[in-house]
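Chain naming here is simple, since letters A, B, ... match the order of the sequence lines and numbering starts at 1 in each.
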Number of protein chains: 2
Amino acid sequence: MPKPTFKNLPEDKRDKIEQAAIAEFTAYSFDQASINRIVDTAEIPKGSFYQYFNDKKDLYKHLLDLIVMKKMDYMSPVMANPMSVDFFILLREIYLSGLRFAVDNPDLQQIGRRLLADRNHPVFVEFMQENLNKSDEIFHVLISKGIERGELRADLDIKFTAHIISSLNTAVADYYQQNIKVEIDEEYMLTVDKFIDFLRNGIGRATDEQEDRKL
Amino acid sequence: MPKPTFKNLPEDKRDKIEQAAIAEFTAYSFDQASINRIVDTAEIPKGSFYQYFNDKKDLYKHLLDLIVMKKMDYMSPVMANPMSVDFFILLREIYLSGLRFAVDNPDLQQIGRRLLADRNHPVFVEFMQENLNKSDEIFHVLISKGIERGELRADLDIKFTAHIISSLNTAVADYYQQNIKVEIDEEYMLTVDKFIDFLRNGIGRATDEQEDRKL
DNA sequence: AGGTCATATGACTGTTAGGTCACATGATTA
DNA sequence: TAATCATGTGACCTAACAGTCATATGACCT
């Protein structure tokens with residue numbers, strides 16, 4: 001946690017420091033990121049930095065907190081009452097918020113991606129212990145509910161499916177960012193719908209009876 | 001490329017250096033990996049190292065070449081005549097070889113994972129330019145063929161599907177390594193089959209007619 | 001023996017890093 | 001005015017790094 005000194009700072013100075021840190025951790029991994037560069041960019045003396053944060057990790061975790069909070073802002077309208085709606089509709093909303101977040105905040109998305117990337121890194125391990133994997137957990141619950149309601153196949157391996165769905169989140173966002181430039185709402189709607197369809201129906205050719213269902 | 005001096009080395013010395021490098025790049029990212037530690041582990045003087053390699057990147061790329069070659073060994077029996085067999089059977093084989101490679105060579109798998117992780121890293125970009133993304137490409141071809149033959153849905157977005165399938169490779173291997181410890185052949189057979197089923201049928205509950213098909 | 005050439009070697013260079021610390025500043029009290 | 005105290009500051013510390021280079025070694029040739 002940042003020291004009280006940081007919290008007491010005038011807002012614009014605090015923002016400048018956070019912005020400099022975001023820029024640095026967007027451009028470099030945790031290890032490669034440099035406090036020297038950050039204090040340069042933020043135009044504060046090095047000594048001051050250590051008045052605000054205990055060390056590099058302290059700053060990094062503060063950023064992660066900011067990211068989690070911002071991502072929650074995107075998610076919360078969706079998750080307000082998750083049980084009131086069909087599994088695939090809810091899933092669609094979850095993915096849509098994820099994509100929207102990624103498009104609106106490519107830098108924060110990139111920092112998150114970097115964290116998720118190296119699962120052996122001590123900082124990743126620490127973060128996961130503190131925030132225990134929410135994503136897998138939520139999907140676990142949703143899938144169970146979905147099966148109970150008959151929206152999903154009853155023979156699914158819940159744990160396995162939860163893991164696949166939750167790790168596909170990144171893949172879809174990556175695909176979108178790499179292949180679709182124009183930032184039109186309908187564009188990512190389309191990407192998400194492709195994905196939901198993929199999840200629901202698989203890619204195997206259906207029998208004629210199945211084809212009927214899609215009409 | 002390593003210098004000729006390296007190629008001329010007695011095999012055991014070369015092995016020792018390669019092993020030391022593998023250990024280092026397994027434990028640390030490219031940036032974090034240290035030549036000093038590598039020469040320590042390999043018990044060669046630092047000067048000697050630079051008789052063998054131009055720089056850190058040179059060594060790293062040499063390792064990547066080793067990894068690619070070894071992975072090809074696992075794949076080649078499968079890819080001998082990819083067109084002679086059903087899409088899902090072939091896919092099953094591809095994933096099985098991938099998983100087998102990951103289980104047999106957790107260290108090499110880890111180095112690969114680290115590379116794939118940070119797609120902005122100059123070394124990743126360079127590697128992809130030189131080895132242009134084979135994985136997506138192969139799946140692109142296979143999916144097209146699969147559609148032509150009527151094994152896959154005709155309305156698939158080929159590019160999108162290729163990306164999803166190719167990035168799920170990592171997810172499945174991760175899941176297996178995290179959740180299944182025992183190294184029995186049948187265990188990873190099971191993981192792969194779950195995944196193939198997931199791809200083929202999706203997770204949506206089928207109509208009664210569809211359920212019949214599965215019997 | 002003398003000469004040549006690939007290779008071996010480790011002290012050294014220049015740079016950067018994260019983090020510390022003695023001291024400076026300036027606002028708020030008494 | 002004097003004392004206190006949170007905060008500001010940058011020179012400085014130790015450690016580590018990638019990469020260099022002058023010199024040493026020793027196998028092979030003539």
Side-chain angles (χ1 to χ4, degrees), chain A residues 1-18 20-64 111 114 118 121-123 126, chain B residues 1-18 20-64 111 114 118 121-123 126:
Chain A
M1 282 203 322
K3 300 182 181 177
T5 336
F6 183 65
K7 207 196 62 185
N8 295 338
L9 241 38
E11 198 184 323
D12 56 335
K13 192 169 184 180
R14 226 172 37 218
D15 280 357
K16 198 170 179 185
I17 294 170
E18 281 169 358
I22 288 174
E24 181 71 10
F25 284 109
T26 302
Y28 302 93
S29 68
F30 176 80
D31 293 314
Q32 202 64 4
S34 152
I35 303 286
N36 288 334
R37 271 194 300 259
I38 293 174
V39 299
D40 258 32
T41 310
E43 292 176 295
I44 56 166
K46 186 130 169 220
S48 295
F49 177 85
Y50 286 94
Q51 299 280 10
Y52 309 143
F53 299 94
N54 294 312
D55 52 20
K56 208 208 295 200
K57 201 169 68 183
D58 191 23
L59 166 64
Y60 184 64
K61 285 190 177 175
H62 174 62
L63 284 195
L64 291 185
I111 295 176
R114 274 232 169 71
D118 187 353
H121 198 292
V123 175
E126 209 174 313
Chain B
M1 282 204 320
K3 299 182 181 178
T5 336
F6 183 64
K7 207 196 61 183
N8 295 340
L9 242 37
E11 198 184 324
D12 57 334
K13 191 168 183 182
R14 226 173 36 218
D15 280 358
K16 199 169 180 187
I17 294 170
E18 281 170 357
I22 288 173
E24 180 72 10
F25 285 108
T26 301
Y28 301 93
S29 67
F30 176 79
D31 293 314
Q32 202 64 2
S34 152
I35 302 286
N36 288 333
R37 272 194 301 257
I38 292 174
V39 299
D40 256 31
T41 310
E43 293 177 293
I44 56 166
K46 185 127 170 224
S48 295
F49 177 86
Y50 285 94
Q51 299 279 11
Y52 309 144
F53 299 95
N54 292 312
D55 52 20
K56 210 210 287 202
K57 200 169 70 184
D58 191 23
L59 166 64
Y60 184 64
K61 284 191 178 174
H62 174 63
L63 284 196
L64 291 185
I111 295 175
R114 275 232 169 72
D118 187 354
H121 198 291
V123 175
E126 209 174 314

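Residue B:K13 is classed as a sugar-phosphate contact, given heavy-atom separations below 4.0 Å to backbone atoms only. Nucleic acid contact for A:Y52: sugar-phosphate only, since backbone atoms but no base atoms lie under 4.0 Å from a heavy atom of the residue.
Taking CG from A:D31 and OH from B:Y28, the interatomic distance works out to 10.0 Å, rounded to the nearest 0.5 Å. Between atom CD1 of residue B:I111 and atom CG of residue B:L64 there is a gap of 8.0 Å, rounded to the nearest 0.5 Å.
Nucleotide D:dC13 holds its P atom 21 Å from the CD1 atom of A:I35, rounded to whole Å. Nucleotide D:dT7 holds its P atom 13 Å from the CZ atom of A:R14, rounded to whole Å. D:dC17 atom P lies 10 Å from atom CD1 of B:I38, rounded to whole Å. Between A:Q32 atom CD and C:dT15 atom C1' there is a gap of 14 Å when expressed in whole angstrom units. When the P atom of C:dA6 is taken as reference, atom NZ of B:K7 falls 14 Å away, rounded to whole Å. Put simply, CD on B:E24 is 12 Å from C1' on D:dC17, counting in whole angstrom units. Distance A:F49 CZ to D:dG10 C1': 16 Å, rounded to the nearest Å. When the P atom of C:dA24 is taken as reference, atom CD of A:Q51 falls 16 Å away, rounded to whole Å.
Out of C:dG19, D:dG10, C:dA17, the shortest distance to the side chain of A:Y50 is found at C:dG19. Across C:dA8, C:dG19, D:dT9, the shortest atom-to-atom separation from the side chain of B:S48 is found for C:dA8. Side chain of A:T5, nearest nucleotide from D:dC17, C:dA17, D:dT7: D:dT7. With C:dA8, D:dA18, C:dA17 as the choices, the nucleotide that has an atom nearest any side-chain atom of A:S34 turns out to be C:dA17. The listed nucleotides are D:dT9, D:dT20, C:dG19; the one nearest the side chain of A:K46 is C:dG19.
When A:I44, A:N8, A:L59 are each tested for a side chain to side chain contact (heavy atoms under 4.5 Å, CB included) with A:Y52, only one passes: A:I44.
The phosphate of D:dA16 has neither OP1 nor OP2 within less than 4.0 Å of any side-chain N or O from B:N36. The side chain of B:N8 places an N or O atom within less than 4.0 Å of a non-bridging phosphate oxygen (OP1 or OP2) of C:dT7. At the phosphate of D:dA16, neither OP1 nor OP2 sits under 4.0 Å from any side-chain N or O atom of B:R37.
Stacking of B:K56 on the aromatic ring of B:F30 is recorded, both the 6.0 Å distance cut-off and the 45° axial limit being met.
With hydrogens and angles ignored, no donor-acceptor pair closer than 3.5 Å exists between the side chain of B:K56 and the base of D:dG19.
Heavy atoms of other residues, nucleotides or ligands lying less than 6.0 angstrom from NZ of B:K57 number 12 at most.
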